[in-house]
Amino acid sequence: MIYELVVGLETHVELSTKSKIFCGCTTAFKGEPNTHCCPICIGLPGTMPRLNEGVVQYAVAAGLALNCKIAEFSKMDRKNYVYPDLPKAYQISQHDKPLCYEGHVLLSNGRKIGIERIHIEEDAGKLIHQGGATFIDYNRGGVPLIEIVSKPDFRDVEEVVEYLELLQLTMRYIEVSDCKMQEGSLRCDVNVSVMPKGSSKFGIRTEIKNMNSFNNIRKAVQYEMNRQIDILESGGAVTQQTMRYMADVGVTEPMRGKEDAHDYRYFKEPDLVNIYVSKEQVECIASKMPELFSSKLNRYVNEYRIPLEDARLLAEYKNVAKFFEDSVKCARSEQSYKNCANLILSVIFSKFNSEEEKEIFNISVSSEEMFKLLSLQEEKKISNNMAKKTLEKMLETGSKVFDIISEADLQGVSEDRLLEICNLALNENEKAAKDYASGKDRAIKSLIGFVMKQTKGRADAALAERILKDIIAERKF
Ligand code: ADP
Ligand code: MG
Ligand code: ZN
């Protein structure tokens, strides 16, 4: 029998409000254990929580970005469980009245992934197992979270990864979370089941808890899918249970303890008032939202005619996108958009050593200077190669375009002169010419190199290539 995979995700995103959800303690990551805590966030008896308004605003923004409806009325509930990461023995969360509901995310293959709900809740402390003992750090306790619950709409693990990447980008764009998987500010529970291909009746699922890397998600889902198929094929039934993925050995295994105790005895949190979000408040938050990644991507591809993969790289980080858009704001031609994209992706990106540096995008070239450079390139006053070299120098020294480019550079190389130099290149490198003529395409590179050297990089390399090829064809090497 051929089986189809069904996955639904519960994704936890830590919000980057300055203070925690019910007290004034800092949400800063790192910091000595148990120094970002107060009686409220460690849940001492008699303390009173107060909801941080910023958390609601951030969560509404997240909901809007994921095409959700925003509930005018919602409330907080107690989710009861006993576990050392939460000393008050309940987590304050939202049960039957979540803040956001009925959203969706569109994947690149055209499939829509439904979002059932987004609710707000508090994070718990962190257990640290060390040398046979267990330590508890409550710094994370009370850090605000949103939980984004998808419909069981994924049919392939690559869809899961794309969705998570989109969530990450979107949350960073609207600045509600940094979504760093390695720091745990994005983690998800992956619900997995299988059903006969073509069926519309879902199989029984298992839930793999707390996944925080794309690679582990890929491996865990694959493993779990095979495990379930094996059970069904041998006539057994899948047990609905909570699993943990053991990354070091690559298998899933059932978990015990709080995660499996499903009776949380939810009831309304009596220490907090209901949450009302008016239409005007939602509109106000919506009006402050920046243009989102998916809309930028569309624009770059359809308006600026940038190839999809390049557009993705440009739109991925807000600062990169802003620099790109500012630089081409006054540009007139499609060629300029492309030139700008190429210069950013080749010259500027090669200066960065990490994704973080790309995201920060701290460079010593202003978009105005970039525009000047693009204009010279567009008017063919400088070659593409010269544009690259100039930009490299600008990045290194912080100089302006006209500090680097001289009058002489702007003369360019006339076509007559270029023809002369191309002929010279062929006369002095007959072997390369013959190689090219006999089908070694790469031989043309050394000929272009010769021309560029002769013209101190001022020639138009693409034009030189065309001329060289024409002469080779004509002269029959
Ligand atoms: P619970 O509250 O017990 O975790 P929910 O019905 O809220 O259960 O579902 C939790 C997650 O499980 C959702 O993301 C949902 O899409 C997913 N899910 C539900 N049924 C299945 C299934 N048969 N296969 C895979 N995922 C599923
Ligand atoms: Mg669940
Ligand atoms: Zn506190």
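All values derive from a computational prediction rather than experimental measurement. Throughout, numbering of the chain's residues begins at 1 and tracks the sequence. When a ligand or atom number is given, it counts from 1 through the structure's own listing order.
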Just let me know how Leu9 lines up against ligand 1, side chain, backbone, both or neither, with a heavy-atom cut-off below 4.0 Å. backbone
Could you give the distance from CG (Leu107) to CZ (Phe154), rounded to the nearest 0.5 Å? 6.5 Å
Check ligand 1 against Val149 and write out every atom of the ligand that is under 4.0 Å from a heavy-atom position of the residue. 13 (C), 14 (O)
Identified side chain to side chain contact (heavy atoms under 4.5 Å, CB included) partner of Thr206 from the options Thr252, Thr239, Val190, Val238: Val238
When only distance counts, is Pro152 in polar contact with ligand 1, meaning an N/O pair under 3.5 Å? yes
For the residue pair Phe349 and Phe352, categorise the inter-ring angle as parallel (less than 30°), tilted (30 to 60°) or perpendicular (more than 60°). tilted
I'd like to know: is the Zn ion (ligand 3) within the 2.8 Å range of an N/O/S atom from His36, strictly under that distance? no
Can Asp156 and Arg111 be counted as an ion pair, charged N to O under 4.0 angstrom? no
Nearest-0.5 Å distance that lies between atom CG in Leu164 and atom CG in Leu9: 5.5 Å
Enumerate the atoms of ligand 1 whose separation from the nearest heavy atom of Gly203 is less than 4.0 angstrom. 23 (N)
Using 2.8 Å as a strict upper limit, say whether an N, O or S atom of Cys41 approaches the Zn ion (ligand 3) that closely. yes
Can you tell which of Arg205, Arg117, Gln240 gets a heavy atom nearest to atom 20 (N) of ligand 1? Arg205
Could you tell me whether Lys296 sits above the aromatic face of Phe293, with NZ or CZ closer than 6.0 angstrom to the six-membered ring centre and within 45 degrees of the axis? no
So Tyr337 and Tyr304, would you call those rings parallel, tilted or perpendicular, with 30° and 60° as cut-offs? tilted
Rounded to 10 degrees, the angle SG of Cys23 makes with SG of Cys38 at the Zn ion (ligand 3): 110°
The atoms of ligand 1 lying under 4.0 Å from a heavy atom of Lys151, numbered in the order shown, are 16 (O)
